[in-house]
There are 4 protein chains.
Amino acid sequence: MPTAEGFSRSQVSVHRQVAAKDPLLVVGLPGIGFVSKLAVDHLVKQVKAKRIATIRSPYFPNQVVALKSGRLRMFSMRFYYKKLKKRDLIFLKGDIQPLSVEGQYEVCSRALEYFGSIGGSQVVSMAGFAVAPKQEKAPTIYCTSTNKQFHARFSKLGTRNVDRAVPIVGMAGLFPGLAKAYGMKGACLLVETPGSVIDAKGATALVRLLGSVAGEKFDTANLDVRARKAEEMIRKLNEQASPEEPRAGESPVVADIIKRNESLSYIR
Amino acid sequence: MPTAEGFSRSQVSVHRQVAAKDPLLVVGLPGIGFVSKLAVDHLVKQVKAKRIATIRSPYFPNQVVALKSGRLRMFSMRFYYKKLKKRDLIFLKGDIQPLSVEGQYEVCSRALEYFGSIGGSQVVSMAGFAVAPKQEKAPTIYCTSTNKQFHARFSKLGTRNVDRAVPIVGMAGLFPGLAKAYGMKGACLLVETPGSVIDAKGATALVRLLGSVAGEKFDTANLDVRARKAEEMIRKLNEQASPEEPRAGESPVVADIIKRNESLSYIR
Amino acid sequence: MPTAEGFSRSQVSVHRQVAAKDPLLVVGLPGIGFVSKLAVDHLVKQVKAKRIATIRSPYFPNQVVALKSGRLRMFSMRFYYKKLKKRDLIFLKGDIQPLSVEGQYEVCSRALEYFGSIGGSQVVSMAGFAVAPKQEKAPTIYCTSTNKQFHARFSKLGTRNVDRAVPIVGMAGLFPGLAKAYGMKGACLLVETPGSVIDAKGATALVRLLGSVAGEKFDTANLDVRARKAEEMIRKLNEQASPEEPRAGESPVVADIIKRNESLSYIR
Amino acid sequence: MPTAEGFSRSQVSVHRQVAAKDPLLVVGLPGIGFVSKLAVDHLVKQVKAKRIATIRSPYFPNQVVALKSGRLRMFSMRFYYKKLKKRDLIFLKGDIQPLSVEGQYEVCSRALEYFGSIGGSQVVSMAGFAVAPKQEKAPTIYCTSTNKQFHARFSKLGTRNVDRAVPIVGMAGLFPGLAKAYGMKGACLLVETPGSVIDAKGATALVRLLGSVAGEKFDTANLDVRARKAEEMIRKLNEQASPEEPRAGESPVVADIIKRNESLSYIR
């Protein structure tokens, strides 16, 4: 049940209680190359993580989707939980990042509050780092953190430091940044990406690194397939956003606000 | 009396207490073809529903209307109540949808909170589904829902599922979507509409379906007349929005903000 | 001292307690023809009303003025109190109307809350009603109200009803409209104005009507002088807003936001 | 730990408790000529002031920086404390001013609340006053204040009154203005500046005046060096904002919002 604030604030609905042991929050939202979202979407499916909570927010679009099954689907971010060999993981999946800056801060704080409430104190986000394409075997992963010990843990697994100051835009930066205000440790993993729409190679590198963290060897075989499927969905969505396609509900004025959002998102 | 938040939030003024038995909320706001608003405005008059509450909101325009009678009229959404044969209905009528996405979420949550406070747990919204005009007898009505049982009830009455994913923009989608967060069941009825300004045919189809839900056969004879009247009102309002027409109050800068809103609304 | 909300909300600072007997709130903010502001500014001076409270708001510009006297002056709205023959009056003076719609609602609710806290239950606002210039002796004043008895009181003093529906934009409409939600009676007086920048004739008509309400005959001799002074000030402000004029503080990006506000305001 | 509001509001993290005796808050944020920021950045280093608190805000950009050291750096405002000969000083340093007007009010109120909580009641801000370059020895400093006694203290140290009304845009004006609502005394010092990007001469004049207040003679020798360094950083940042430069995280749509902010800021 939402708080007294109602949907003037984001609201977290908890579906099931978890007894997680020092869980690590792995944030996977859409961004450059979709590497972060692709990696987390893949892992949630791969390890069969259980959905434990949902964030709905007035900073998401005012839009739902009527699916062929008859189901109505809303924009949301969703928490999933899985106990792995070396580590309990909480995944945060999402369709979209809030478009307004204030909305990104607010949603981030609600997510961190929830994560804190289940005993979490470590957060890792991921982002694509757009660079000119290189012909190396695997893209480099850089790590930046608010905490030296936490940073060292990733360095040991092979991450590097950036060779000049790099701005990180969006929630991939806010999550580790605001984590500090909540007394948590935060890091962001930046994976090199050629900047293509959906970068399976970058996502694969991130999945392997997270495997090292969790003490598991995750299968990454079908990440390519997933990436191509996602590209296809985005193509379809863009078609749907065109005026010729059917659309229900409100008049075009407000619909325009929404169209801008669609390029940031893909729906699964 | 408004809460301590004042009009930094939407406020619900309750005019009379109702002892409703498992009421169904029927949302009728302006949107594509005005089918939803037209249907609910018609029904409220037809069944002589009683006004029970009013929502005023900072997300509505900063504008009132001086009427010929001397009365001052504000933008608002209004709840009406009527006990029918098979079902108690609560109608939500409104002049306008909040233009900002955040405002739509907030107003929706205030409406659902009020509806919950009088014992409601089922919500149905309606929207026009713009398609190329067909020469069939009655437009098809599609149903999408967050709840299987609730969806099945409408399917039994003849609604269909969409044949591809359809985005629903605005409060017609938010109402059933957010209802879930409040522990309620929600559905949206999408009626085919040619996209003309005021579509009496689509509204008639919705009124008939709601008649099946309520166990009544509603008269729809004068829906055409109502639709033509509404078109006339919109035409007048657009004239009034032109610079030659008299207007009172604030200087044009802020007035511009308002002008954008008028195309979404008609005043009755 | 501001509330825990700080300046994420408007704040009312109370300077002196008043024991007012059923006071009437007279709202005088800038708008078409500046008739409302001019009338209230004149009356406050004429009757030597005492300042009792100040509203500061995040919806006012982020700008202060360094005066020649060394004093720093902020944008604000100010309440003044005066016991007159037939009626206790509270005046609300202001430099500017909040530019955002949400801001106008919020500031209005804070003002009404304060007015309610000192026992007030009747509110009258004023606005210019832009019409083609007529050669009659005095401009007509129209009244629109949410309450029949309150409306009748003004009709007896000579106000008329509009002869077609007229939209009122801005806080002159919101004050009587929202008053109803606070259990108060509200009315808006619309005075015909040719739409010139500062209309002393319209303001004079309003001052005379308020005189009838308060049982006093207010001197209006120097309203013309005041109007010309105000025009001069606006001219100077516009010059100051030009890039050649000195200005302190922030860089031009944010300054642009402010420049738009200045046309709505004059500083006294 | 943030309050229940989370990052829908700015949050002050307190790092160490201070027992300050009637401290003076000296605000040093970016603005015209960067005189204020330059002066405070210089003083904090010069007197080795200790960091005591940090403000993070949803009104700052949704952006962090990955540094070469591996550290992740967020936009923030930071309080520093130093006991000097004649006066305890609290400095407020910041990378940026919130871009929205509402954000500037909100952040200002959070800063004043914190300052009040450690016993402070006097606030001085500084701003560049852009005038045509003059060939005099030192730029004139003007003072404007909400309090006569406080103003007199600066006049004794050589400040003057402006010779015509001057608007002050941004937080340099809001700090002394809102201080009054918190029962504090506030002043703004306006130093003449030719409007060049980074004006070491104006900053030097301000540092000397603050020296008189604190009873110390501050070294200003390397202010020129600091100014040139800052100019170099701004140049680099602007390069980084160009599309050819590497950048991580979110897609370009949101990144555009940020780019506008960068001209107001330099990162140290």
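So that the names make sense, note that chain A is the first sequence line, chain B the second, and so on, each numbered from 1.
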**Heavy-atom closest contact (C:Val162 atom, B:Leu67 atom, distance)** = CG2-O, 3.5 Å

**Message:** Which one wins on heavy-atom pair count under 4.5 Å against chain C: B:Gly6, B:Ser57, B:Ala66?
**Reply:** B:Ala66

**Message:** Side chains of C:Val169 and B:Asn62, heavy atoms from C-beta outward: is any pair under 4.5 Å?
**Reply:** yes

**Prompt:** What parts of residues 180-190 of chain C touch chain B if we use heavy atoms and a cut-off under 4.5 Å?
**Reply:** C:Lys180, C:Ala181, C:Tyr182, C:Cys188, C:Leu190

**Validation row: B:Met74, C:Leu178 side chains within 4.5 angstrom (heavy atoms)** = yes

**Fill in**
Highest number of heavy-atom pairs under 4.5 Å with chain B among C:Met126, C:Arg9, C:Glu113 belongs to C:Arg9

**Fill in**
Tightest non-hydrogen contact, residues C:Pro176 and B:Leu72, listed as CG-CD1, 3.7 Å

**Asked** Is it the side chain or the backbone of B:Ser69 that comes within 4.5 Å of chain C heavy atoms, both, or neither?
**Response** backbone

**Item:** Name of the residue among B:Pro58, B:Ser8, B:Ser10 meeting side chain to side chain contact (heavy atoms under 4.5 Å, CB included) with C:Tyr105
**Value:** B:Pro58

**Prompt:** Distance from C:Thr146 atom OG1 to B:Arg71 atom CZ, nearest 0.5 Å?
**Reply:** 9.5 Å

**Request:** Anything in residues 150-161 of chain C with a heavy-atom distance to chain B below 4.5 Å? Please list those residues in order.
**Result:** C:His151, C:Asn161

**Shortest non-hydrogen contact from C:Ala165 toward B:Lys68** = N-CG, 4.1 Å

**Message:** What's the separation between atom CZ in B:Phe7 and atom CZ in C:Arg110, rounded to the nearest 0.5 Å?
**Reply:** 10.5 Å

